[in-house]
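These figures come from a predicted structure and were not determined experimentally. Chain A is the first sequence line, chain B the second, and so forth, proteins listed ahead of strands; every chain is numbered from 1.
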Protein chains: 2
Amino acid sequence: MDQKINHAIKNITIFSKKHAELLRKVMTVTDYKKGETIYWEGDAAEKLYFIVSGMVKVFKSADDGKDLVLNYFSTDDLFGELACFGPTNYTFTAEAAKDCKIGVLKQREIELLMLEKSEISIDFIKWMSYMSQYTQIKMRDLLFYGKNGALASTLIRMVHSYGKETENGIQFTTNFTNSDLAQLIGSTRETVNRMLQALKKEGAISYNQGSIVVKDLDYLKTICHCEECPLHICRL
Amino acid sequence: MDQKINHAIKNITIFSKKHAELLRKVMTVTDYKKGETIYWEGDAAEKLYFIVSGMVKVFKSADDGKDLVLNYFSTDDLFGELACFGPTNYTFTAEAAKDCKIGVLKQREIELLMLEKSEISIDFIKWMSYMSQYTQIKMRDLLFYGKNGALASTLIRMVHSYGKETENGIQFTTNFTNSDLAQLIGSTRETVNRMLQALKKEGAISYNQGSIVVKDLDYLKTICHCEECPLHICRL
DNA sequence: TTCAAAGTGTGACAATTATCATACACTTAT
DNA sequence: ATAAGTGTATGATAATTGTCACACTTTGAA
């Protein structure tokens, strides 16, 4: 079965080459070690971040210590809130999931760019529109078909973002632990582990050196009643 | 206890008076009867909608017939996707929840406005930013503290959007059925009903002529571990 | 004013998901 | 080679939530 896999659909591609160049010019690249916090919830949202290399997770911690991960961003992704010309605070926290090089764009600079080159604000609007749709369909996926559907949809998203087709199936270029998956779907490590075992028994996935290989993408799609959303929003 | 209630925080107030006026000028007001669809999921997102009067719900139906309601909008709310200068399709459906008068703004007109008066795009960006944060914290509320937490947070949002303080407690100016509430939190009518009965026993709510009265807002806040988000995003 | 439709209340039970406990595998540092 | 740390696998059990069934109440239109 011919399964198209389009990995590395990064959200900077929403910007025109010229505009992306402009952003690169004004940003200041900073290093973050794995585990370092890029911004905390509650912080003023006055910067945007562009990932030159590495990986970042955006998440929220519950009082009882559980985390909910909203997104993982990697090379060539832009993230942060664009609370343009007005104060807003982050509701989620961003943390380096791997060592990162991150280009930081100050609100001020973005505002200036938008004023002197108003077409770039169109690109920002597109970008926000994608981010917004991403969150909406993620919510749908997490609520519609139980934790099983939520996990299936997450595996599909992983295929899109980190999948590499091999003769054995689709391998991931990045490993996520059972806990990582649990935090992505608002569940527990144990539940995720059991669901993965079940998927293995059913032949939908297998393991290669401890990491997941997707064998039957279509089967995963039936579990979450996949609607074949555009790939730039069906991502991790 | 002094409970501040700030209802009718409508998202058009994000726009400056002048800009809101501009929008009003270019929009075409149309009537929608209760139950009529304003746009279907899958439709091209090429219009924005401004509610002159009435109420609209934005939702998604699962294959098994269950609905998930993302938001209710009412007078002075602006809704729709702003997929500026590029094609996108709606992922949710919008339907008149009451008879409505709705101002329709064509993508083309918005684009023209933005080009000739670039500061208005700032307002659109702010608006999108709010909508996006709304969805994020809604997701948090639906996933963190079980269905009970989800219901409590929804009642709090209702207080902000439709609450009116009286000597008996906070009454709602609009009624939502148990099913409506269930669709807002991704649950079932029966479960919502049982949770409401429990809240009644605990004295957090009561009933007045069949409609819910909030007696103890603080108690609801403890259930969902309320973080006192800004009122423009803590709404229905 | 009466009847159908829509909404509510609740029991009994099933399914899903979380929690707690424990064993084991695998890596890495000493 | 050993111990500590991290991650996986799985049983037993509890808690949460959904499903089905049915009675009752309220509402609104003929």
Side-chain angles (χ1 to χ4, degrees), chain A residues 34-35 62-69 97-98 141-155 172 174-202 205-213 223-225, chain B residues 33-35 62-69 97-99 141-155 172 174-202 205-213 223-225:
Chain A
K34 177 176 174 171
D63 281 3
D64 56 20
K66 251 173 230 161
D67 284 353
L68 174 67
V69 175
K98 297 182 181 171
D141 287 343
L142 295 194
L143 289 166
F144 264 179
Y145 302 108
K147 297 302 177 188
N148 241 289
L151 179 62
S153 98
T154 302
L155 290 171
F172 295 126
T174 306
N175 280 349
F176 292 91
T177 66
N178 291 356
S179 300
D180 291 336
L181 292 172
Q183 296 179 346
L184 277 162
I185 67 174
S187 180
T188 62
R189 186 185 65 74
E190 294 96 323
T191 299
V192 165
N193 184 267
R194 280 181 241 264
M195 291 191 293
L196 288 174
Q197 295 308 316
L199 287 175
K200 199 173 96 183
K201 264 198 198 108
E202 291 153 4
I205 63 171
S206 70
Y207 282 88
N208 185 1
Q209 297 152 220
S211 71
I212 299 173
V213 180
I223 295 177
C224 61
H225 300 233
Chain B
K33 286 263 160 248
K34 176 174 175 172
D63 282 3
D64 56 21
K66 251 173 230 161
D67 285 352
L68 174 67
V69 175
K98 295 182 181 171
D99 291 355
D141 287 344
L142 295 194
L143 288 166
F144 265 179
Y145 302 108
K147 297 304 178 187
N148 240 290
L151 179 62
S153 98
T154 302
L155 290 171
F172 295 125
T174 306
N175 280 349
F176 292 90
T177 66
N178 291 356
S179 300
D180 292 337
L181 292 173
Q183 297 180 344
L184 277 163
I185 66 173
S187 181
T188 61
R189 184 188 69 76
E190 293 94 326
T191 299
V192 165
N193 184 269
R194 280 181 241 265
M195 291 190 294
L196 287 174
Q197 295 308 316
L199 288 175
K200 200 173 96 184
K201 265 198 198 109
E202 292 153 5
I205 63 170
S206 70
Y207 282 87
N208 185 0
Q209 297 152 220
S211 71
I212 299 173
V213 180
I223 296 177
C224 61
H225 299 233

Side-chain atoms of residues 181-194 of chain A: list all donor-acceptor pairs with protein atoms under 3.5 Å, sequence neighbours left out, distances to 0.1 Å.
| unit_1 | atom_1 | unit_2 | atom_2 | d |
| --- | --- | --- | --- | --- |
| A:T188 | OG1 | A:T191 | N | 3.3 |
| A:T188 | OG1 | A:T191 | OG1 | 2.9 |

With sequence neighbours left out, the residues meeting side-chain contact (heavy atoms from CB on, under 4.5 Å) with B:K201 are none
State plainly whether the residues B:K34 and B:D99 are in salt-bridge range, i.e. N to O under 4.0 Å.
no
Contacts of type side-chain hydrogen bond (donor to acceptor under 3.5 Å, both in side chains), residue A:T177, not counting sequence neighbours:
A:D180
Provide a list of protein-nucleic acid N or O atom pairs under 3.5 angstrom, restricted to nucleotides 14-24 of chain D.
| unit_1 | atom_1 | unit_2 | atom_2 | d |
| --- | --- | --- | --- | --- |
| D:dT17 | OP1 | B:K147 | N | 2.8 |
| D:dG18 | OP2 | B:S187 | OG | 2.6 |
| D:dG18 | OP2 | B:T191 | OG1 | 3.0 |
| D:dT19 | OP1 | B:K66 | NZ | 3.4 |
| D:dT19 | OP2 | B:K66 | NZ | 3.2 |
| D:dT19 | O4 | B:R194 | NH2 | 2.9 |
| D:dC20 | N4 | B:E190 | OE2 | 3.4 |

A:N208: side-chain hydrogen bond (donor to acceptor under 3.5 Å, both in side chains) partners, not counting sequence neighbours:
A:Q171
Atom CG of A:N208 to atom P of D:dT8: distance rounded to whole Å?
15 Å
Going by heavy atoms in the side chains, are A:Y145 and A:I223 under 4.5 Å from each other?
no
Please give, in whole Å, the distance from D:dT8 P to A:L196 CG?
9 Å
Check whether any side-chain heavy atom of A:L196 sits under 4.5 Å from a side-chain heavy atom of A:L155, and report yes or no.
yes
Tightest non-hydrogen contact, residues A:G149 and A:C224, listed as O-CB, 3.4 Å
B:K200: partners by side-chain contact (heavy atoms from CB on, under 4.5 Å), with sequence neighbours left out:
B:Q197, B:I205, B:Y207
Contact list (N/O, under 3.5 angstrom) for nucleotides 27-30 of chain D vs protein:
none

Once side-chain hydrogen bond (donor to acceptor under 3.5 Å, both in side chains) is applied, do any residues pair with A:D63, and if so which ones, sequence neighbours excluded?
B:H225
What are the two closest non-hydrogen atoms of B:M195 and B:L151, and how far apart are they?
CB-CD2, 3.6 Å
Taking five pairs at each end, how big is the angle between the two axes of the helix from C:dT1-D:dA30 to C:dT30-D:dA1, to 10°?
40°
What is the separation between atom CZ on A:F176 and atom P on D:dG7, rounded to the nearest whole Å?
13 Å
Once you round it to whole Å, what is the distance between C1' of D:dG11 and CD of A:Q197?
14 Å
The criterion is side-chain hydrogen bond (donor to acceptor under 3.5 Å, both in side chains); which residues satisfy it with B:N178, sequence neighbours excluded?
none
Counterpart residues, side-chain contact (heavy atoms from CB on, under 4.5 Å), relative to B:T174 (two or more places apart)
B:M55, B:K98, B:Y162, B:F176
Contact interval (first through last nucleotide) of DNA chain C with protein chain A, 4.0 Å heavy-atom
C:dT17 to C:dC20
Do any side-chain nitrogens or oxygens of A:N178 fall under 4.0 Å of OP1 or OP2 in D:dT8?
yes
What is the distance from CG of A:L181 to C1' of D:dT8, rounded to the nearest Å?
13 Å
